[in-house]
Amino acid sequence: MIHTDRLTLRPYEAADFDAYAAMVADPVVVRHAGSPMTGEEAWMRLLRYIGHWSVFGYGLFAVLDRASGAYLGETGFMDFRREVVPRIEPLPEAAWVFTRAAHGRGYAHEAASAAHRWMTDTHAPPATQCIISPANQGSIRLAERLGYHLHDRPEYRGAALRFVREV
């Protein structure tokens with residue numbers, strides 16, 4: 001578990017399903033990553049996230065408001081095994097998604113910064129990466145603030161930008 005001034009980051013739990021499902025069903029939230037998910041799709045993805053921790057020792061954190069306990073989104077690292085062309089190196093992939101209510105409040109930067117410090121301290125990868133849709137200017141700005149640099153443009157779901165951050 002990680003605490004910042006305003007946030008708590010912890011691995012996902014099954015009890016997070018309703019909040020997670022609501023976030024990934026919101027077309028505004030997922031507009032750069034695909035279509036809104038059904039409850040069944042959200043459940044399967046949440047189970048994947050929970051299981052990732054036991055296999056790799058890291059994963060996505062549920063991000064909660066420290067004062068109220070409200071669910072705000074997620075950030076962390078995964079091994080997504082994306083089918084991109086050309087294939088990308090097997091580095092931990094950073095990710096972040098936040099509820100519509102959390103947008104524009106600095107939560108993503110605060111949470112992702114804390115998750116990056118945790119990953120460096122506990123796993124010491126040589127580098128991390130993130131895959132971002134070229135249309136997702138907010139995520140591109142966040143990646144750059146976190147120290148990522150454009151590395152290449154792999155083919156993934158049409159077009160993608162891959163950013164790499166040396167640790």
Side-chain angles (χ1 to χ4, degrees), residues 1-4 6-84 88-103 105 107-133 136 139 142-143 146 148 156-157 160 162-163 165 167:
M1 190 169 312
I2 301 169
H3 295 288
T4 70
R6 301 183 297 165
L7 307 173
T8 297
L9 286 68
R10 61 155 173 74
Y12 270 110
E13 302 169 354
D16 296 317
F17 172 70
D18 289 338
Y20 177 74
M23 179 180 75
V24 297
D26 184 338
V28 170
V29 171
V30 300
R31 70 189 176 278
H32 298 296
S35 302
M37 286 187 202
T38 66
E40 180 179 352
E41 291 166 331
W43 178 246
M44 295 306 292
R45 184 170 290 180
L46 184 65
L47 292 177
R48 173 180 165 193
Y49 291 172
I50 292 169
H52 193 279
W53 282 92
S54 65
V55 174
F56 293 96
Y58 64 87
L60 291 182
F61 294 99
V63 179
L64 310 171
D65 181 279
R66 195 165 172 182
S68 69
Y71 176 84
L72 301 172
E74 66 188 18
T75 192
F77 298 86
M78 293 281 289
D79 180 351
F80 286 112
R81 301 280 166 117
R82 295 188 195 272
E83 295 182 358
V84 301
I88 59 175
E89 55 218 279
L91 297 170
E93 185 178 332
W96 47 80
V97 179
F98 285 80
T99 64
R100 189 186 313 201
H103 289 181
R105 301 180 68 187
Y107 293 135
H109 183 261
E110 184 176 336
S113 294
H116 278 76
R117 283 190 300 275
W118 176 87
M119 185 65 161
T120 298
D121 291 348
T122 61
H123 293 279
T128 58
Q129 62 190 341
C130 56
I131 306 290
I132 303 174
S133 164
N136 192 343
S139 279
L142 177 56
L146 292 168
Y148 285 89
Y156 181 69
R157 295 184 181 175
R162 182 168 74 111
F163 293 81
R165 176 180 182 257
V167 178

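Since the structure is predicted, the reported quantities are computational estimates derived from the model, not experimental observations. Residue numbers start at 1 and run along the sequence shown.
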Kindly give the heavy-atom pair with the smallest separation between S133 and H32, and that separation in Å.
-> CB-O, 3.7 Å
Distance (rounded to the nearest 0.5 Å) between N136 CG and I131 CD1 | 13.0 Å
Residue pair R66 / R6, side-chain heavy-atom distance below 4.5 Å | no
Drop me the distance from E110's CD to T75's OG1, to the nearest 0.5 angstrom.
-> 11.5 Å
I would like to know whether R48 and F80 meet side-chain contact (heavy atoms from CB on, under 4.5 Å); could you show each step before the answer?
-> CA-CA 10 Å; R48 173 180 165 193; F80 286 112; 3.1 Å; yes
Can you name the closest pair of heavy atoms from G57 and H123 and give their distance?
-> O-NE2, 3.0 Å
Between V63 and L9, does a side-chain contact (heavy atoms from CB on, under 4.5 Å) hold up when you go through it step by step?
-> CA-CA 5 Å; V63 179; L9 286 68; 4.1 Å; yes
Closest heavy-atom contact between V167 and P125?
-> CB-O, 3.3 Å
Relative to the ring of Y58, is the ring of F56 parallel (under 30°), tilted (30 to 60°) or perpendicular (over 60°)?
-> tilted
Where is the tightest heavy-atom contact between A14 and I50, given as atom of each residue plus distance?
-> N-CD1, 3.6 Å
ring-ring contact (aromatic ring centres under 6.0 Å, His included) with F17: which of W43, Y49, Y71?
-> W43
Passing option when Q129 is tested against E93, E89, R165, R162 for side chain to side chain donor-acceptor pair (under 3.5 Å) | R162
Around atom CD of E13, are there more than 12 heavy atoms of other residues, nucleotides or ligands at under 6.0 Å?
-> yes
CZ of F163 to CG of L142, rounded to nearest 0.5 Å, is 10.5 Å
Taking S54 for the side chain and G51 for the main chain, is one N or O donor matched with an acceptor at less than 3.5 Å?
-> yes
Stepwise side-chain contact (heavy atoms from CB on, under 4.5 Å) test for M23 and F98 = CA-CA 7 Å; M23 179 180 75; F98 285 80; 5.5 Å; no
Begin with the C-alpha distance, continue with both residues' side-chain angles, and end with the deciding distance and a verdict on side-chain hydrogen bond (donor to acceptor under 3.5 Å, both in side chains) for H116 and Y148.
-> CA-CA 11 Å; H116 278 76; Y148 285 89; 2.7 Å; yes
How far apart are the closest heavy atoms of L64 and R10, and which atoms are they?
-> CD1-NE, 3.6 Å
Separation between CG (L146) and OG1 (T128), nearest 0.5 Å, reads 8.5 Å
Once you round to the nearest 0.5 Å, how far does CD1 of I2 lie from CE of M119?
-> 11.0 Å
Are F61 and W53 near enough that their ring centres are under 6.0 Å apart?
-> yes
In this structure, CD1 of I88 is separated from CZ of R81 (nearest 0.5 Å) by 10.5 Å
Would E74 and Y20 count as having a side-chain donor-acceptor pair, cut-off 3.5 Å?
-> no
Hey, is the main chain of A33 close enough, under 3.5 Å, to the side chain of R157 for a donor-acceptor pair?
-> yes
Between I132 and A143 the two heavy atoms that sit nearest each other are CD1-CB, 3.8 Å
Is a side-chain N or O of T99 found less than 3.5 angstrom from the main chain of L72, in a donor-acceptor match?
-> yes
Would V55 and D79 count as a side-chain contact (heavy atoms from CB on, under 4.5 Å) if you check the C-alpha gap in whole Å, the side-chain angles of each, and the deciding distance to 0.1 Å?
-> CA-CA 10 Å; V55 174; D79 180 351; over 6 Å; no
